[in-house]
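Shown next, in structure tokens, is the structure this report addresses.
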Amino acid sequence: MDFGLTEEQEQLKAGARDFLSNECPPSVVRKVMAEESGLAPDLYKKIAELGWTGMIIPEEFGGLGLGMLDLAILLEECGYAAMPGPFPFSSGIAASALKLGGSPEQCQRWLPGVAAGGLTGTVAIVEESDSLDPAEIALSAARDGNGFVLTGTKMFVPYAHAADFIVVAARSTPGPEGLDFFVVEGGANGLSARILRNVDQTRRVCEVKFDSVKVPEEARLVKSAGLLNKLIDAGAVVMAADCLGGSERALEMAVEYSKVREQFGRPIGSFQALQHLAAELIAGIEPARSLLWYAAYAQDAGLEDVSRAASMAKARLSAVYSRTADQSVLMHGGIGFTWEHDIHLWFKRARFDDPFFGDPVFHRERVATLSGY
Amino acid sequence: MDLNLNPQEAAFRKQVRDWLAHNRPVALHQRGVVDGKTWVQRAKDWQRKLYEAGYLALSWPKEYGGQALDPMSQAIVSEELMRANVPGVIGSNSISMLGPTLITWGTEEQKRRYLPKILTAEEIWCQGYSEPGAGSDLASLRTRAELQGDEFVVNGQKVWTSGAHIADMMFGLFRTNPDAPKHKGISYLLVDMKSPGITVRPLVQMNGEADFCEVFFENVRVPRANLVGELNEGWKVANTTMVHERNWLGASPQRLFDKLLERAHELRRGGVPLTSNQLYRHRLADMQIDVEAMRLHALRLLSNAIHKRQGGVENMVAKLVGTELHHRMALTAMDMLGDYGPLGRGEQSAFDRGVWSATWFGSIARMFGGGTSEIQKNVIAERGLGMPKSR
């Protein structure tokens with residue numbers, strides 16, 4: 001038994017920390033933030049060369065064939081660096097959608113490109129109601145000869161403006177079971193994406209309109225049944241990993257600041273008011289890391305409580321990140337409220353991460369239901 | 001990451017589980033129902049039975065009554081004991097705290113003399129740390145142990161000494177050099193509680209029981225051979241004990257959560273069970289997440305120990321998080337029970353024989369016993385996060 005990282009995983013983590021501190025310091029993040037597309041293509045090329053983009057993609061489709069835990073370790077580091085760009089959404093969530101829901105042909109069509117870094121994908125689930133409840137997915141998939149016509153609007157779709165493909169949840173028949181997932185090509189007729197103005201500028205999320213978008217039968221993921229649940233599990237782990245890394249970074253910045261900022265003739269970090277706050281924050285972060293590792297491992301090992309584990313990790317890490325980022329800004333005082341100081345990057349990113357792929361209320365409810373109450 | 005037990009470990013687990021199924025202690029938890037002496041004897045019998053079956057202190061060296069097994073075996077036993085919902089052992093403080101300290105610091109003679117009897121419950125120990133003027137600031141303790149020839153002469157007072165009234169021996173900290181800086185003049189001594197000059201006065205606690213005591217020392221003579229570690233090095237010696245204590249107090253809260261959930265299923269407000277009441281449903285789920293986090297976190301710390309990984313700040317948070325979680329669960333139970341909450345032990349209309357108010361009291365004691373939450377936070381901030389010293 002070993003509840004911990006292997007030596008290879010420790011190296012992966014340390015290597016990623018090192019790489020991102022050189023290639024993705026806050027100055028680079030800010031540069032990407034200021035650009036319309038928010039894509040960071042140079043950085044993306046480099047992480048593709050490192051194999052990150054194919055981390056969980058099976059070797060037969062050009063990836064490394066590693067697991068969610070390996071990916072979570074990387075994504076934690078991406079969260080730590082507040083790395084911009086579509087990486088988590090494409091190589092984490094969209095790749096999972098194909099892996100879990102696609103036929104070998106469908107995987108072959110898209111995954112090698114994702115693994116190599118030449119293509120990016122994204123996943124579109126929620127709509128105006130901002131709900132992951134299958135009953136609230138209304139975008140319609142109407143039969144049309146051998147294919148389907150998709151009509152409706154999706155919200156909060158990461159990097160849809162630049163995606164080569166979008167995996168979209170659509171209603172093909174009424175009722176909660178009547179969902180299908182389709183892979184829609186980025187340039188499809190009738191498809192339009194508008195970037196939403198979002199205070200978290202390290203990310204780009206879009207409103208995506210499907211105006212009678214025609215897709216062939218082959219675009220329907222063959223294992224659509226139950227896919228929403230599995231995608232929520234995968235998405236929860238992907239986002240929770242970002243939350244973990246972001247929490248660590250925000251607290252680290254606050255603690256470092258408390259060592260150098262002096263008031264009343266002493267560093268403010270020597271005051272118990274701040275010490276106890278920082279201690280409470282790290283006491284929230286560390287057990288939550290254990291939840292994340294287990295949730296990722298549960299997906300890799302195909303454990304029975306995989307959904308509950310994912311929801312536990314996301315429920316806790318959403319809340320941990322929001323609170324940690326919030327309090328870390330406060331520990332900085334006035335300087336933390338300036339544009340110049342970097343802490344607001346994580347402060348805002350926490351608020352994007354918190355509800356994305358389920359807020360704590362959604363996931364607590366899921367934990368309760370899955371536990372039989 | 002691999003959470004599977006190897007075949008040997010799985011077989012061992014089964015063996016422990018089977019044994020527990022056939023050897024449950026008789027009504028040991030009826031504390032306060034049977035008289036004190038009967039309870040103590042039953043508790044000792046239970047510990048002895050566990051020991052003879054080979055389920056106590058598995059990692060201790062063989063020559064002192066242990067089995068020199070890895071921490072994994074101990075973890076399997078601990079988990080099975082919890083799962084079987086059997087009572088803890090009466091000598092748990094000496095097994096978790098004194099034993100490891102003696103193994104690290106004791107002389108060969110001390111180890112042979114004391115360790116086996118700790119395990120068999122032939123000798124019950126109490127911990128003599130806190131004093132009226134030395135609580136969180138433990139190192140300011142003043143109970144004097146003056147070395148005269150080959151004896152220490154002890155004068156002063158200890159307080160909050162759990163189980164002093166039933167203990168045969170005390171392990172404790174005493175001031176052996178009043179002129180040195182406070183951490184440098186303390187020694188770790190083993191004191192026979194039957195020594196002339198010792199007076200034990202039990203204090204009645206808020207739960208009505210009298211578990212912890214005042215202990216007065218008046219010219220109590222302690223042989224020099226009972227000194228553990230070097231003279232005036234007791235602070236260093238005690239730190240081993242305190243580390244073990246923190247691990248011990250952070251025990252798994254799963255069992256309590258299960259009971260809480262069971263209660264919530266049955267209790268109704270407005271015709272629906274509390275598990276369907278949104279407020280309680282979410283409080284429960286929130287605590288369930290923390291309970292699971294603590295279970296996994298304990299596995300992580302155990303794995304660090306097994307695979308000899310140092311670890312960092314994660315090692316320091318279990319006591320704080322575990323005891324606060326326990327308290328939150330107790331408070332939730334009291335809220336759920338409403339007017340039934342404050343009903344006491346033995347009241348026939350109380351739920352679960354009134355155990356919940358006792359759980360609530362107990363949850364308070366856990367938060368300050370063995371180092372208050374505030375002290376934990378100081379340690380986490382200064383040693384774990386490297387923040388500047390507050391004093």
Side-chain angles (χ1 to χ4, degrees), chain A residues 1-6 9-10 67 69 251-252 255-256 258-259 266-272 274-291 293-294 296-298 300-301 303 305 308-309 311-313 315-316 319 360-361 363-369 371-373, chain B residues 1-6 9 72 75 261 264-265 273 275-276 278 281-286 288-290 292-304 306-307 309 311-318 320-322 324 373-374 376-382 384-391:
Chain A
M1 198 244 9
D2 187 9
F3 190 90
L5 304 184
T6 62
Q9 287 167 333
E10 293 284 5
L69 183 56
L251 178 58
E252 192 181 292
V255 165
E256 288 311 308
S258 82
K259 292 177 187 172
R266 327 158 39 174
I268 59 171
S270 69
F271 294 114
Q272 292 193 338
L274 292 193
Q275 290 194 340
H276 287 197
L277 177 56
E280 285 165 20
L281 296 175
I282 194 72
I285 292 171
E286 283 304 329
R289 180 195 306 279
S290 303
L291 284 174
W293 282 358
Y294 181 73
Y297 170 77
D300 294 336
L303 301 188
D305 61 345
R308 189 168 74 174
S311 280
M312 284 185 164
R316 183 53 75 250
V361 173
H363 284 290
R364 281 201 300 267
E365 180 60 39
R366 199 161 176 249
V367 167
T369 305
S371 304
Y373 61 96
Chain B
M1 181 78 70
D2 174 16
L3 298 188
N4 297 310
L5 298 183
N6 68 34
E9 290 162 347
M72 186 66 205
L261 186 58
H265 270 303
T275 44
S276 300
Q278 284 305 311
R281 185 175 173 78
H282 280 260
R283 273 175 81 171
L284 287 164
D286 200 51
Q288 187 185 350
I289 292 167
D290 284 337
E292 176 72 350
M294 291 316 289
R295 179 182 80 86
L296 298 169
H297 199 68
L299 278 182
R300 183 169 149 210
L301 300 191
L302 172 70
S303 300
N304 283 351
I306 292 173
H307 300 282
R309 286 189 294 260
V313 68
E314 75 263 27
N315 294 324
M316 301 178 184
V317 301
L320 174 68
V321 179
E324 306 241 331
S373 290
E374 289 73 21
Q376 304 298 324
K377 289 177 196 174
N378 288 353
V379 171
I380 293 167
E382 292 178 7
L385 297 174
M387 292 172 84
K389 284 224 167 261
S390 63
R391 52 201 178 273

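Every value quoted in this text rests on a predicted model; they were computed, and no experiment measured them. Throughout, a chain's letter reflects where its sequence line sits, starting with A, and its residues are numbered from 1.
- With a 4.5 Å cut-off on non-hydrogen atoms, B:H307 touches chain A through its side chain but not through its backbone.
- Across all their heavy atoms, B:A381 and A:A279 have their closest contact at N-CB, 4.4 Å.
- Between B:R309 and A:D2, at least one side-chain N (NZ, or NE/NH1/NH2) sits under 4.0 Å from a carboxylate O, which counts as a salt bridge.
- Separating the CE atom in A:M1 from the CG atom in B:N4 is a distance of 10.5 Å, to the nearest 0.5 Å.
- Taking a cutoff of 4.0 Å between a charged side-chain nitrogen and a carboxylate oxygen, A:R289 and B:E314 do not qualify as a salt bridge.
- Exactly one of B:R295, B:H297, B:E292 qualifies for a side-chain hydrogen bond (donor to acceptor under 3.5 Å, both in side chains) with A:S290. That residue is B:H297.
- When all heavy atoms of A:A283 and B:L320 are compared, the pair lying nearest together is CB-CD2, 3.9 Å.
- Formation of a donor-acceptor pair under 3.5 Å by the A:E286 side chain with backbone atoms of B:A318 is not found in this model.
- Not counting sequence neighbours, the partners of B:E324 by the side chain to side chain donor-acceptor pair (under 3.5 Å) test are B:S373.
- A donor-acceptor pair is defined here as one N or O able to donate and one able to accept, closer than 3.5 Å; such a pair exists between the side chain of A:R316 and the backbone of B:D286.
- Among B:N378, B:L284, B:I380, the residue making the largest number of heavy-atom pairs under 4.5 Å with chain A is B:N378.
- Side-chain contact between A:Q272 and B:E374 is absent, with no heavy-atom pair separated by less than 4.5 Å.
- Heavy atoms closer than 4.5 Å to chain B are found nowhere in A:E256, neither backbone nor side chain.
- Annotation for B:L3 and A:Y297: closest pair N-OH, 3.0 Å, computed over non-hydrogen atoms.
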(Q) Would B:R281 and A:E365 count as a side-chain contact (heavy atoms from CB on, under 4.5 Å) here? Give the steps. (A) CA-CA 8 Å; B:R281 185 175 173 78; A:E365 180 60 39; 2.7 Å; yes

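- Both the backbone and the side chain of B:M1 come within contact range of chain A, with heavy atoms under 4.5 Å apart.
- Only the backbone of A:L5 comes within contact range of chain B, with heavy atoms under 4.5 Å apart.
- Both the backbone and the side chain of A:Y373 come within less than 4.5 Å of a heavy atom of chain B.
- Using a 4.5 Å cut-off between heavy atoms, B:N304 makes no contact with chain A at all.
- For A:S371, the side chain to side chain donor-acceptor pair (under 3.5 Å) partners are A:R308, B:Q288, not counting sequence neighbours.
- In this structure, chain B has a heavy atom under 4.5 Å from the side chain of A:R266, while its backbone stays farther away.
- Contact record, B:L296 with A:Y294: CD1-CB, 3.5 Å, taken as the closest heavy-atom pair.
- No part of B:N6 comes within reach of chain A, as not one of its non-hydrogen atoms sits under 4.5 angstrom from that chain.
- Highest contact tally toward chain A, considering only B:K389, B:E382, B:H265, B:K377, is held by B:K377 [criterion: heavy-atom pairs under 4.5 Å].
- B:M387 contributes atom CE, which lies 8.5 Å from atom NZ of A:K259 (distance to the nearest 0.5 angstrom).
- With respect to chain B, the highest number of heavy-atom pairs below 4.5 Å among A:L303, A:L291, A:I285, A:D300 belongs to A:L291.
- The shortest heavy-atom contact between A:S258 and B:P388 is O-CG, 4.5 Å.
- In this structure, chain A has heavy atoms under 4.5 Å from both the backbone and the side chain of B:L385.
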